[in-house]
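Residue numbers start from 1 in every chain, and the chains themselves are labelled A, B, ... in the order their sequence lines are given, proteins ahead of strands.
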Amino acid sequence: MHSSSPPSSPPASLNELMSRANALSGLSLGDLADAANIVTPQNFRTQKGWTGQLIELWLGASAGSKPEQDFPELGVELKTLPLSYTNLPLETTYVCYAPLTHNTGVTWQNSNVRNKLQKVLWLPVQGEREIPPAQRLIGSPILWQPSIEEETLLRTDWEELMDMISLGQVERIDATVGSVLQLRPKAANGSALTEAIGEDGQAIQTRPRGFYLRKNFTQGILQSAF
DNA sequence: AGCTGATCATAC
DNA sequence: GTATGATCAGCT
């Protein structure tokens, strides 16, 4: 049960964002969907981003698909995190689209990955597939900033991946590359293609890729929060 | 086509 | 059981 309505404006401060997030903790996805007059799907097979969009709505994030943080004024990125019964992440976490061309001048410091991960508000949600989406409960929010050690791990992986992309080795990158950050396909389907750099420096067409955080890394974030 | 929100489903 | 590679929906 939940009787209020989604906010009509973005949070004006970090405190307001956190108090909105804390107010969701303990509620079910069905509660929030009902109160917003949204139909909860029976499963996420055809609506994989549904939970994230529902939480965005309730926190007052600006809708849309811009390559920027969810709360630009606060410098905060929002991520829902599906958890198992033992509170382990069930899925990797998408970070951002990977640039495969025109990467001269791109450094870790000005990268989209670093920008997105500078400050993240994690919203844990029960994610076991046997739990109907409507019954899945929201957990306590975690506001996270990478530690020096975490940022070093991320930067090292990012630099290795970007080096390979820039040197024409994108087709040799698979999801095993990177200790905490990995590169995987990111597209509507297998026929989507984008430009990349080939082995001999020529333009090639390849599947679009995205950066993802490994489960072990997000698990560490959860652990250090408790 | 690019990019957001992600989970699915098969190979291992 | 789990990670990789593939896929779904919506907006620009």
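- Using a 4.0 Å heavy-atom distance criterion, A:Pro82 is classed as a sugar-phosphate-only contact.
- Here A:Leu90 lies out of heavy-atom contact (under 4.0 Å) with every strand.
- Across all strands shown, A:Asp70 has heavy atoms under 4.0 Å from sugar-phosphate atoms exclusively, and none from any base.
- Judged by distance alone, with hydrogens and angles left aside, A:Tyr212 brings a side-chain donor or acceptor within reach of the base of B:dA6, the pair sitting under 3.5 Å.
- In terms of polar N and O atoms assigned as donor or acceptor, the side chain of A:Lys186 never comes within less than 3.5 Å of the base of B:dG2 in a complementary pairing.
- Of the candidates B:dG2, B:dA6, C:dT4, C:dT4 carries the atom nearest the A:Thr176 side chain, counting heavy atoms from C-beta on.
- When the C1' atom of C:dC8 is taken as reference, atom OH of A:Tyr94 falls 14 Å away, rounded to whole Å.
- Minimum atom distance to the side chain of A:Arg129 is reached by B:dC8, of the listed B:dC8, C:dT7, B:dG5.
- The nearest pair of heavy atoms linking A:Ile204 to A:Gly198 is CG2-CA, 3.6 Å.
- With the nearest nucleotide of DNA chain B identified for both A:Arg45 and A:Gln205, A:Gln205 has the one nearer the 5' end.
- When rounded to the nearest whole Å, the span between CG of A:Asn216 and P of C:dG1 equals 18 Å.
- Electrostatic pairing of A:Arg114 and A:Glu159 does not count as a salt bridge here, judged by no charged N lying under 4.0 Å from a carboxylate O.
- OP1 or OP2 of B:dT4 sits under 4.0 Å from a side-chain N or O of A:Lys116.
- Straight-line distance from the CG atom of A:Leu88 to the P atom of C:dG1: 14 Å, rounded to whole Å.
- When distances are taken from the side chain of A:Tyr97 to each of B:dG2, B:dA6, B:dT7, the shortest belongs to B:dG2.
- Residue-to-nucleotide proximity on DNA chain C shows that, of A:Leu183 and A:Gln47, the 5′-proximal contact is made by A:Leu183.
- A side-chain donor-acceptor contact under 3.5 Å links A:Asn189 to the backbone of A:Ser191.
- Backbone-only contact: A:Gly52 has heavy atoms under 4.0 Å from sugar-phosphate atoms and none from a base.
- For the pair A:Glu128 CD and B:dC8 C1', the interatomic distance rounds to 15 Å; values are reported in whole Å.
- Out of B:dA6, B:dC3, C:dG5, the shortest distance to the side chain of A:Ala175 is found at C:dG5.
- A:Gln182 has a side-chain polar atom (N or O) that falls below the 4.0 Å cut-off from OP1 or OP2 of C:dT4.
- The CD-C1' distance, from A:Gln219 to C:dT2, rounds to 13 Å in whole Å.
- Checked by atom type and distance alone, the side chain of A:Arg136 pairs as donor or acceptor with a backbone atom of A:Glu128 at under 3.5 Å.
- The residue A:Arg184 sits close to a base: some heavy atom pair falls under 4.0 Å.
- Looking only at distances, no side-chain donor or acceptor of A:Glu77 sits under 3.5 Å from a matching main-chain atom of A:Lys116.
- OP1 or OP2 of C:dT4 has at least one side-chain nitrogen or oxygen of A:Arg214 nearer than 4.0 Å.
- In the set C:dA3, C:dT7, B:dC8, the nucleotide with an atom closest to the side chain of A:Lys215 is C:dA3.
- Across all strands, A:Glu77 comes closer than 4.0 Å only to sugar-phosphate atoms, never to a base (heavy-atom distances).
- Considering only the side chain of A:Arg207, C:dG5 comes nearest among C:dG5, B:dG5, C:dT4.
- In this structure a side-chain-to-backbone donor-acceptor pair under 3.5 Å is missing from A:Glu195 to A:Thr101.
- Mapping A:Leu81 and A:Glu195 onto DNA chain B via the closest heavy atom, the residue that lands nearer the 5' end is A:Glu195.
- Judged purely by atom type and a 3.5 angstrom limit, A:Arg214 has no side-chain atom pairing as donor or acceptor with the backbone of A:Thr92.
- Taking every side-chain heavy atom of A:Thr194 into account, B:dG2 is the closest of C:dG5, C:dA9, B:dG2.
- Considering only side-chain atoms of A:Thr80, the nucleotide from C:dA6, B:dG5, B:dA6 that sits closest is B:dA6.
- Nucleic acid contact for A:Phe44: sugar-phosphate only, since backbone atoms but no base atoms lie under 4.0 Å from a heavy atom of the residue.
- Side chain of A:Thr92, nearest nucleotide from B:dT4, C:dT7, C:dT4: C:dT4.
- Distance CD1 (A:Ile55) to C1' (B:dA6): 13 Å, rounded to an integer number of Å.
- Closest contact between the side chain of A:Lys79 and the listed nucleotides B:dG5, C:dA9, C:dG5 involves B:dG5.
- One atom, CD of A:Gln53, and another, P of B:dG5, lie 9 Å apart when rounded to the nearest Å.
- Between A:Leu29 atom CG and B:dT7 atom C1' the separation is 14 Å, expressed in whole Å.
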